[in-house]
Amino acid sequence: KPQGSGKEAWWVVVNEVMEQIVKQNIAAERISSEFCSMIDDKNLDNVVRDYAVQHISNYIAYDTTSDAGTHVEVFQALKKVIQDPTNQHNSIPGTTLMSLVVMSENPSQTSVVKACFKQLDNYLRHLLEGESSASVVTRTSAINAVGLMQIEQYSPVLTQIIQSDDANASVKLSSIAALGDLHRSSTTEDAESTEVSALLLDIATGNTKFKYAAVAALKKLQN
């Protein structure tokens with residue numbers, strides 16, 4: 001761990017070294033195992049572990065030569081670090097969840113990422129429903145992730161958050177945005193999507209601090 005006043009510069013160096021390893025595919029046969037070891041190593045500073053998540057995720061996101069079963073070790077490490085109780089008040093679970101979203105954009109990994117979110121269902125439900133002691137940052141990251149992944153089973157939970165008078169403001173704002181993402185470009189006019197549209201319209205035409213978030217979410221539904 002860096003000591004003294006120069007540690008910010010040290011993190012820049014660490015970040016750059018990781019980026020070059022991934023970009024140049026240095027010691028390719030060891031990249032996955034070494035980065036997974038860093039992610040799992042609680043003796044390392046959380047900044048390093050967070051960087052490791054970001055860079056190994058980018059490595060997979062832009063890997064156009066591997067099939068869906070190539071990076072099993074990495075996905076197992078990512079699921080583990082997301083659910084680790086000791087990480088719920090640092091940035092790592094949120095970074096990892098959003099990294100999974102990025103990896104899903106790689107066609108060869110889309111099905112694997114969707115499977116990961118299914119396996120994380122119990123964790124995510126407890127988190128979204130406020131039954132976990134996780135930080136607001138971790139909770140909002142999870143809300144953003146399920147919205148971007150368009151996992152419709154979480155729509156009722158997000159609706160409950162929005163309608164709750166006790167919900168944290170940041171959590172409520174993220175839930176409004178996530179509902180817009182979750183139902184964006186919907187081709188079906190079912191009862192649920194109609195209810196979501198009505199809820200967002202009610203907020204958008206009201207006089208609350210959430211109205212502009214609701215307006216933005218409605219635009220996603222209409223595109």
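Residue numbers run from 1 in the order of the sequence given.
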Side chain to side chain donor-acceptor pair (under 3.5 Å) between Asn144 and Ser141, intermediate numbers included
CA-CA 5 Å; Asn144 292 334; Ser141 295; 5.4 Å; no

Side chains of Lys42 and Thr86, donor plus acceptor under 3.5 Å:
yes

Could you tell me the separation between the OG1 atom of Thr194 and the CG atom of Leu199, rounded to the nearest 0.5 Å?
12.5 Å

Stepwise, does the side chain to side chain contact (heavy atoms under 4.5 Å, CB included) test hold for Thr138 with Asn87?
CA-CA 9 Å; Thr138 298; Asn87 290 327; over 6 Å; no

For Arg184 versus Leu148, what's the shortest heavy-atom pair and its separation?
NH2-O, 3.4 Å

Go through the steps for Thr96 and Ser99 under the test side chain to side chain donor-acceptor pair (under 3.5 Å), then give the verdict.
CA-CA 5 Å; Thr96 310; Ser99 293; 5.9 Å; no

Indicate yes or no: at least one non-hydrogen side-chain atom of His71 is less than 4.5 angstrom from one of Gln76.
no

What distance do Ile39 atom CD1 and Ile56 atom CD1 have between them, rounded to the nearest 0.5 Å?
7.0 Å

Heavy-atom nearest pair, His89 first then Ser133, reads NE2-O, 2.7 Å

Correct closest heavy-atom pair for Ser104 and Thr110 would be O-OG1, 2.6 Å

Is there side-chain contact between Glu195 and Thr159, with heavy atoms separated by less than 4.5 Å?
yes

Do Asn58 and Glu19 pass the side chain to side chain donor-acceptor pair (under 3.5 Å) test, and can you show the C-alpha distance, the side-chain angles, and the key distance before you say yes or no?
CA-CA 9 Å; Asn58 285 336; Glu19 183 174 351; over 6 Å; no

Flag the pair Leu100 / Met103 as yes when at least one side-chain heavy-atom distance between them is below 4.5 Å, and no otherwise.
yes

So, for Ile176 and Leu200, which heavy atoms are closest and what is the spacing to 0.1 Å?
CG2-CD2, 3.8 Å

For residues Tyr123 and Val101: do they belong to one hydrophobic cluster (side chain heavy atoms under 4.5 Å, members Ile, Leu, Val, Met, Phe, Trp, Tyr)?
yes

Tyr212 and Leu218: same hydrophobic cluster, using ILVMFWY side-chain contacts below 4.5 Å?
no

Answer yes or no: is there an ion pair linking Asp84 with Lys80, defined by an N-O contact shorter than 4.0 Å?
no

Check whether any side-chain heavy atom of Tyr62 sits under 4.5 Å from a side-chain heavy atom of Val22, and report yes or no.
no

Go through the steps for Ile21 and Tyr59 under the test side chain to side chain contact (heavy atoms under 4.5 Å, CB included), then give the verdict.
CA-CA 10 Å; Ile21 289 171; Tyr59 183 66; over 6 Å; no

Between Val102 and Tyr51, is there a shared hydrophobic cluster once you connect ILVMFWY residues whose side-chain heavy atoms come closer than 4.5 Å?
no

State plainly whether one hydrophobic cluster holds both Leu127 and Val137, where clusters connect Ile, Leu, Val, Met, Phe, Trp and Tyr through side-chain heavy atoms under 4.5 angstrom apart.
no

Decide side chain to side chain contact (heavy atoms under 4.5 Å, CB included) for Gln109 and Phe75; before the verdict, give the C-alpha distance in whole Å, the side-chain angles of both, and the deciding distance to 0.1 Å.
CA-CA 10 Å; Gln109 304 301 327; Phe75 283 106; 3.5 Å; yes

Can His183 and Ser155 be counted as having a side-chain donor-acceptor contact under 3.5 angstrom?
yes

From NZ (Lys114) to CD (Gln119), nearest 0.5 Å:
14.5 Å

Verify side chain to side chain contact (heavy atoms under 4.5 Å, CB included) between Cys36 and Leu78, making sure each step is shown before the conclusion.
CA-CA 8 Å; Cys36 286; Leu78 297 181; over 6 Å; no

Pairwise distance OH(Tyr154) to CG(Leu182) - rounded to 0.5 angstrom:
10.5 Å

Could you check whether any side-chain heavy atom of Ile151 comes within less than 4.5 Å of a side-chain heavy atom of Lys118, counting everything from C-beta outward?
no

Should Val17 and Val47 be regarded as members of a common hydrophobic cluster, given that ILVMFWY residues are connected when their side-chain heavy atoms come within less than 4.5 Å of each other, either directly or indirectly?
yes

Using 0.5 Å steps for rounding, measure from the CG atom of Asn106 to the OG atom of Ser57.
12.0 Å

Nearest-0.5 Å distance that lies between atom CD in Gln83 and atom CG in Leu120
5.0 Å

If only side-chain N and O atoms count, and only distance matters, is there a donor-acceptor pair under 3.5 Å linking Gln54 with Asp50?
yes

Less than 4.0 Å between a side-chain N and a carboxylate O, is that true for Arg49 and Asp41?
no

Nearest atoms (heavy-atom pairs only) where Ala178 meets Leu158
CB-CD1, 3.8 Å

Asp63 versus Ser66: any side-chain heavy-atom pair under 4.5 Å?
yes

Between Ser164 and Asp166, does the side chain to side chain donor-acceptor pair (under 3.5 Å) criterion hold? Intermediate values first, please.
CA-CA 5 Å; Ser164 171; Asp166 300 324; 4.7 Å; no

Is it true that a side-chain atom of Gln150 and a backbone atom of Val146 form a donor plus acceptor pair closer than 3.5 Å?
no

Would you mind reporting whether Val48 and Met18 have side-chain heavy atoms less than 4.5 Å apart?
yes

Taking the side chain as everything from C-beta on, heavy atoms only, tell me whether Ser197 gets closer than 4.5 Å to Leu221.
yes

Quick check: closest heavy atoms across Gln88 and Pro93, and the distance to 0.1 Å?
NE2-CG, 4.0 Å

